[in-house]
Amino acid sequence: MSGLLDSLGYRVTTYASAEAFLDDPEGSRSDCIITDIQMPGLSGIELKQRLDRLGVTTPVIMVTARTEAVLHARARASGAICVLQKPFQEADLVRCIEGVLAA
């Protein structure tokens, strides 16, 4: 995913975990955050909740291979701008990002 976004001209920074992202003071200055829902440590939903508590308003896009409608609903309820089901089309991701950046 980072290679695709880089090839499209986006500046991309990747992190090994949600905790690593939270530890980086530059992370909260991102224009958009893309996170998997299922990760070791904090989940993508927990990351979004932590960002909210910290007052970080950066838009979040969540991706997941899981298919449970309840999980997708929880992700949307947490404030995710887009929730994409893996495998997704590159155009769907780009559409989400462009929508976030245009707002």
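Just so we're clear, the structure is a prediction, and the values are computed from it rather than from any experiment.
Between Ser30 and Ile33, the shortest heavy-atom distance links the atoms CB-CG1, 4.4 Å. The two residues Met39 and Leu42 come nearest to each other via the heavy atoms CE-O, 3.4 Å. Annotation for Ser78 and Asp52: closest pair O-OD2, 3.7 Å, computed over non-hydrogen atoms.
For the pair Val60/Val100, no side-chain contact is recorded, criterion being any heavy-atom separation below 4.5 Å from C-beta on. Contact annotation: the side chain of Ile34 approaches that of Leu5 to within less than 4.5 Å [non-hydrogen atoms, C-beta and beyond]. Side-chain contact between Ile97 and Asp31: absent, with no pair of heavy atoms (C-beta onward) separated by less than 4.5 Å. Between Leu101 and Tyr10, the closest side-chain pair of non-hydrogen atoms falls below 4.5 Å. You'll find the side chain of Ile45 reaches within 4.5 Å of the side chain of Leu71, heavy atoms only.
Atom CD of Gln89 has 12 or fewer neighbouring heavy atoms from other residues, nucleotides or ligands inside a 6.0 Å radius.
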Practice item. Before giving the answer on side chain to side chain contact (heavy atoms under 4.5 Å, CB included), spell out for His72 and Arg76 the whole-Å C-alpha distance, their side-chain angles and the decisive distance to 0.1 Å. Key: CA-CA 6 Å; His72 288 235; Arg76 285 187 194 86; 3.4 Å; yes
Practice item. Could you please spell out the steps behind the side chain to side chain contact (heavy atoms under 4.5 Å, CB included) verdict for Glu26 and Thr13? Key: CA-CA 10 Å; Glu26 296 297 314; Thr13 304; over 6 Å; no
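Distance check, rounded to the nearest 0.5 Å: CG of Asp36 to CE of Met62 gives 10.0 Å. The distance from atom CD of Glu98 to atom SG of Cys32, rounded to the nearest 0.5 Å, is 11.5 Å. The line from CG of Leu93 to NZ of Lys86 is 11.5 Å long, rounded to the nearest 0.5 Å. Note that the CD1 atom of Ile61 and the OG1 atom of Thr35 stand 11.0 Å from one another [nearest 0.5 Å]. The CD atom of Gln49 lies 6.5 Å from the CZ atom of Arg53; values are rounded to the nearest 0.5 Å. The CD1 atom of Ile37 lies 9.5 Å from the CG atom of Leu84; values are rounded to the nearest 0.5 Å.
Side-chain atoms of Gln85 come within 3.5 Å of backbone atoms of Ala65 as a donor-acceptor pair (strictly under, hydrogens ignored).
Connection of Met1 to Val83 is not established within any shared hydrophobic cluster, with ILVMFWY side chains joined at heavy-atom distances below 4.5 Å, either directly or through further cluster members.
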